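Heads up: the structure comes next, in structure tokens.
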Amino acid sequence: MPAPAATVIDSLLFRDAFGTPAMRAIFSDHALIQRYIEVEVALAKAEAACGVIPAEAADEIAARCSFEALDFDLLRHETDNVGYPILPLVHQLVKQCGEAGRFVHWGATTQDIMDTANVLQIRAGLELVSADIDALRTILADLSRRHRDTPMAGRTHLQQALPVTFGYKTAIWLAALDRHAERLAQARPRVLVGSFAGAAGTLASLGESGLAVQEALCRELGLGVPVSTWHVARDGFAEVVNLLALITGSLGKIALDVMIMASTEFAEVYEPFVTGRGASSTMPQKRNPISSELMLAASKGVRQQAGLMLDAMVQDFERATGPWHAEWMAIPESFVLTAGALHQAKFALGGLIVDEAQMRRNLGLSRGLIVAEAVMMALAPHTGRQAAHDLVYAACRVVNEHGGTLAEALAAVPEVTAHFDRAAIDRLTDPANYLGAAPQMVDRVLASAPRDR
């Protein structure tokens, strides 16, 4: 049996519903420890390049620091005792490196190593998020092109409002993800910077070589050089998690739309059919929108962590007494949940079943009332806007109280037939003829960012 798990992030049952193996691997304990070692080795190389430690010592540290040789039970026990993992790790690395071990962790503080390792994790995590967003943008662009002119009921306050197209709806989703892709690119230079500043952030332990070592370390790791110490300036990490909250928030909105449109009363779209997926233990007819449900849940989870990260920004003096630790919970969970939500979105939208005929039928549910505005605006040049409003309003009441269609009711109004014959009235009350600029807005979204095709 695998080791017991207590959360959906690493649960045997739920982990692939709420995350992905690739993102879990980035934020696993083993990967984190390897990142710590990577930073320690890079620090030795940087210090050797700056003449702070002997080059031979740096070579030995690079060659002999071994993840595989660690005593993980000892590391766990000492971490629990110390409260942080770096000192226990350094104890073992020093022993691994023999005489060169006395130069391991030279001039560094625990937070330098941990923060920089976290940045390396975040960089890898953002690469996965970016790739998934790009894939999802391609899916949504295809849906938007295909359904540019597919009429459906637009809804406000859960009531039919005016006709739109399904492509217009998916283009709105797409535009949000386009903006998230832009935000990701803009955030990287601010976030992907190293952290090496020493005990109180002044690099005093390295004297005049401090800033040179800092720059060399960041160069070794392919990270940006911070303009100032950020031990207690946590806006970068908070920005990342809040960006993930924005991304999953957009996915949650998409999920909610899909779930409502998939309800029996709407029946306009469905998630891809897979035998058994979304099945009920008691109702054989059920086909629940599982991916959308998971996307919505993930958006709520990441939102909570975004708030935690904002709270963790409030840190005391030059080293925090506890808010820093909150990040250890928030960052991995946010990335894993975001990866899970993106994975579910790619599945749900990549194979989305769109019932165009049902969309058209739903457009007819109001018997033409959904385009009452179209009739009013066409009649207004002949009668004046207020008179046109009153005439159409009265016709709508006839439909609501006595049945029939808006076209039939209008055809019985002399003030209307004086200006429009029955064919014109039928055209005015056809929802497909009152789409506004919805198709053109789809075109604008598709043209607003680089597309694969």
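Every value quoted in this text rests on a predicted model; they were computed, and no experiment measured them.
Side-chain contact annotation: Arg183 with Gln186, donor-acceptor N/O pair under 3.5 Å absent. When only modelled atom types and interatomic distance are considered, Asn118 and Gln121 share a side-chain donor-acceptor pair under 3.5 Å. Between the side chains of Thr321 and Asp316, at least one donor N or O lies within less than 3.5 Å of an accepting N or O. Under the 3.5 Å distance criterion, with hydrogens and angles disregarded, a donor-acceptor pair is assigned to the side chains of Ser130 and Arg188. Side-chain contact, Thr170 with Ser144: a donor N or O sits under 3.5 Å from an acceptor N or O. For the residue pair Glu271 and Ser292, a side-chain donor N or O sits within less than 3.5 Å of a side-chain acceptor on the partner.
Aromatic ring orientation, Trp324 versus Trp328: perpendicular (interplanar angle above 60°, classes split at 30° and 60°). A perpendicular orientation is assigned to the rings of Phe67 and His30, their planes being inclined by more than 60° (bins at 30° and 60°). In this pair, Phe420 and His382 present their aromatic rings perpendicular. The plane angle is above 60°, beyond the 30 to 60° band.
For Phe196 and His231, the distance between ring centers is not under 6.0 angstrom. In this structure, His147 has its ring center no closer than 6.0 Å to that of Tyr168.
Every side chain to side chain donor-acceptor pair (under 3.5 Å) that Gln111 has, sequence neighbours left out, goes to Asp115, Arg319. Residues passing the salt bridge (Lys or Arg N to Asp or Glu O under 4.0 Å) test with Arg427: none are found, sequence neighbours excluded. Remark: Ser11 pairs with no residue by the side chain to side chain donor-acceptor pair (under 3.5 Å) rule, at least two apart or across chains.
Distance check: Gln305 CD to Leu308 CG gives 5.5 Å after rounding to the nearest 0.5 Å.
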**Q.** Intermediate values then yes/no, side chain to side chain contact (heavy atoms under 4.5 Å, CB included), Val336 and Phe18
**A.** CA-CA 7 Å; Val336 173; Phe18 285 95; 5.9 Å; no
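Remark: the backbone N or O of Asp134 is paired with a side-chain donor or acceptor of Thr138 at under 3.5 angstrom.
The existence of a salt bridge linking Glu182 and Arg179 is excluded, since no basic side-chain nitrogen approaches an acidic carboxylate oxygen closer than 4.0 Å. Of the charged side-chain nitrogens involved, at least one lies within less than 4.0 Å of a carboxylate oxygen, so that Lys253 and Asp257 count as a salt-bridged pair. The pair Glu268-Arg155 meets the salt-bridge criterion, with a side-chain N (NZ, NE, NH1 or NH2) lying under 4.0 Å from an Asp/Glu carboxylate O.
No side-chain heavy atom of Val269 sits under 4.5 Å from any side-chain heavy atom of Ile353. Looking at heavy atoms from C-beta onward, Ile370 lies in side-chain contact with Pro163 at the 4.5 angstrom threshold. For the pair Thr248 and Leu337, the minimum side-chain heavy-atom distance is 4.5 Å or more.
Partner Val129 forms a side-chain contact (heavy atoms from CB on, under 4.5 Å) with one of Leu243, Ile122, Leu244 and no other, that one being Leu244.
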